[in-house]
Amino acid sequence: MIRSLLYVPGSSPKFIAKAHERGADAVIVDLEDAVAPSEKTSAREALPETVRSVGRNGAMTFVRVNNSDDRLLPDAAAACRAGADGLYVPKVTSPGLLDAIARHIAPIEVELGRKPMVFVPLIEDPGSVFDARPIAGHERVLAISAGAEDLATAMGALPTPEVLKLPKQLIHMAAKAAGVLSFGLLRTVADYSDVEGMRVAVREARDFGFDGASCIHPSVVAILNEAFAPSEAEIAWARKVVAANAEAAAAGTGAFTLDGRFVDAPVVTRAEAVIALSKRL
């Protein structure tokens with residue numbers, strides 16, 4: 001279960017040193033936008049220590065690579081050798097790009113005897129929104145997400161919730177159709193100082209079925225962890241539904257009414273999912 005993913009600049013020892021204390025389910029070591037061009041190579045070379053540091057409390061570790069001809073595959077190989085669990089791959093336009101990365105790191109995985117890395121493609125241009133389903137269907141994909149700021153820029157638009165809601169929902173639907181996780185909010189994560197707005201956005205994302213979201217500031221981690229986990233009231237409701245469904249089934253009844261609410265198979269399935277989620281936590 002990944003509710004929260006915290007971005008950490010791969011060139012910032014200060015942020016790297018504290019990342020494991022923030023409570024995030026996953027940490028994304030960023031080699032791309034958060035790192036100045038002059039520091040990208042040194043950030044890559046530091047990955048063995050960086051990955052070890054950010055994951056020392058059990059967080060899943062990702063590395064966001066640079067999607068450029070001279071850096072993509074070396075970044076991926078370095079992340080693989082450093083022991084990262086997966087790659088955040090920006091500006092993905094087709095499954096072919098993921099194939100190329102997989103072919104490059106597969107021999108390294110065999111050499112090291114390590115488990116295969118998983119991928120989280122970032123959809124960051126309008127055309128790729130419509131290709132999100134085949135991208136999500138790649139065998140290494142764990143989740144997909146939108147790059148809100150880049151996507152809005154590619155559209156010639158501002159990254160407002162109104163602009164981002166439709167493309168983000170389409171990417172989200174592609175993830176669900178492919179059976180992979182969907183990370184994100186229906187807004188940009190850049191304005192992390194708007195705490196109440198962030199809380200509303202996270203609750204909205206969970207209502208839409210998103211599984212978790214990334215953040216660029218540690219203050220948002222607790223908001224994500226709380227909102228993407230079922231509350232005690234939700235767990236109690238789910239247990240009540242499952243128990244009532246067992247009684248109804250024993251009596252040979254299908255759909256039934258519980259506390260004035262109609263309950264049928266989809267409602268029971270949602271209740272079972274809430275219980276399963278609470279057990280994983």
Side-chain angles (χ1 to χ4, degrees), residues 5-7 9-10 28 30-40 62-72 75 87-98 100-101 119-138 141 143-178 180-217 220 224:
L5 304 101
L6 175 64
Y7 273 102
I28 308 164
D30 193 6
L31 300 183
E32 195 208 18
D33 287 348
V35 178
S38 61
E39 297 183 329
K40 287 183 182 292
F62 293 92
V63 173
R64 181 162 75 167
V65 297
N66 292 279
N67 188 352
S68 60
D69 292 342
D70 60 332
R71 292 199 172 272
L72 175 60
D75 283 356
L87 301 176
Y88 254 60
V89 187
K91 300 175 176 62
V92 176
T93 58
S94 75
L97 177 68
L98 305 181
I101 300 172
F119 298 162
V120 180
L122 293 173
I123 308 300
E124 301 188 274
D125 72 87
S128 300
V129 171
F130 296 101
D131 293 323
R133 187 169 182 178
I135 291 170
H138 190 276
V141 168
I144 62 172
S145 186
E149 297 289 328
D150 285 281
L151 182 56
T153 299
M155 295 167 61
L158 295 176
T160 63
E162 292 77 13
V163 168
L164 294 171
K165 184 164 286 189
L166 175 59
K168 284 200 166 205
Q169 284 187 67
L170 292 172
I171 295 166
H172 171 60
M173 289 179 184
K176 295 302 180 178
V180 301
L181 298 176
S182 178
F183 294 150
L185 308 178
L186 295 171
R187 55 169 279 176
T188 178
V189 299
D191 189 13
Y192 60 83
S193 61
D194 179 9
V195 176
E196 186 52 36
M198 190 64 68
R199 289 186 189 279
V200 171
V202 177
R203 287 194 295 267
E204 176 190 47
R206 187 182 170 211
D207 288 347
F208 272 79
F210 285 82
D211 299 288
S214 62
C215 59
I216 60 174
H217 194 275
V220 182
L224 296 175

- Residues in ring pair (Phe, Tyr, Trp, His ring centres under 6.0 Å) contact with F183, at least two apart in sequence or another chain: none
Of all residues at least two apart in sequence or in a different chain, which pass the salt bridge (charged side-chain N to carboxylate O under 4.0 Å, His left out) check with [X]?
X    : value
E162 : none
R206 : E234
E204 : K165

With sequence neighbours excluded, what pairs up with [X] under the side-chain hydrogen bond (donor to acceptor under 3.5 Å, both in side chains) test?
X    : value
S214 : none
S68  : D70
D211 : K176
R64  : D30, E32

Nearest heavy-atom neighbours spanning [X] and [Y]:
X    : Y    : answer
A136 : V180 : O-CG1, 3.6 Å
R187 : L164 : C-CD1, 3.8 Å
V89  : I101 : CG1-CD1, 3.8 Å
L185 : A213 : CD2-CB, 3.7 Å

4.5 Å side-chain heavy-atom contact, [X] and [Y]:
X    : Y    : value
P161 : L186 : no
V65  : P90  : yes
V63  : L31  : yes

- Mind checking whether F210 and H172 have parallel, tilted or perpendicular rings, split at 30° and 60°? parallel
With [X] via side-chain contact (heavy atoms from CB on, under 4.5 Å) - residues at least two apart:
X    : result
R203 : E196, R199, V200
V35  : S11, E39, K40, A43
A100 : R103

- Any chance you could measure L98, atom CG, to L87, atom CG, to the nearest 0.5 Å? 9.5 Å
- Roughly how far, to the nearest 0.5 Å, is the CD1 atom of I28 from the CD1 atom of I216? 11.5 Å
Solution key, residues 119-135 side-chain donor-acceptor pairs under 3.5 Å, sequence neighbours excluded:
from	atom 1	to	atom 2	distance (Å)
E124	OE1	K91	N	2.7
D125	OD1	G127	N	3.0
D125	OD1	S128	N	3.1
D125	OD1	S128	OG	3.4
D125	OD2	S128	OG	2.6
S128	OG	V92	O	3.2

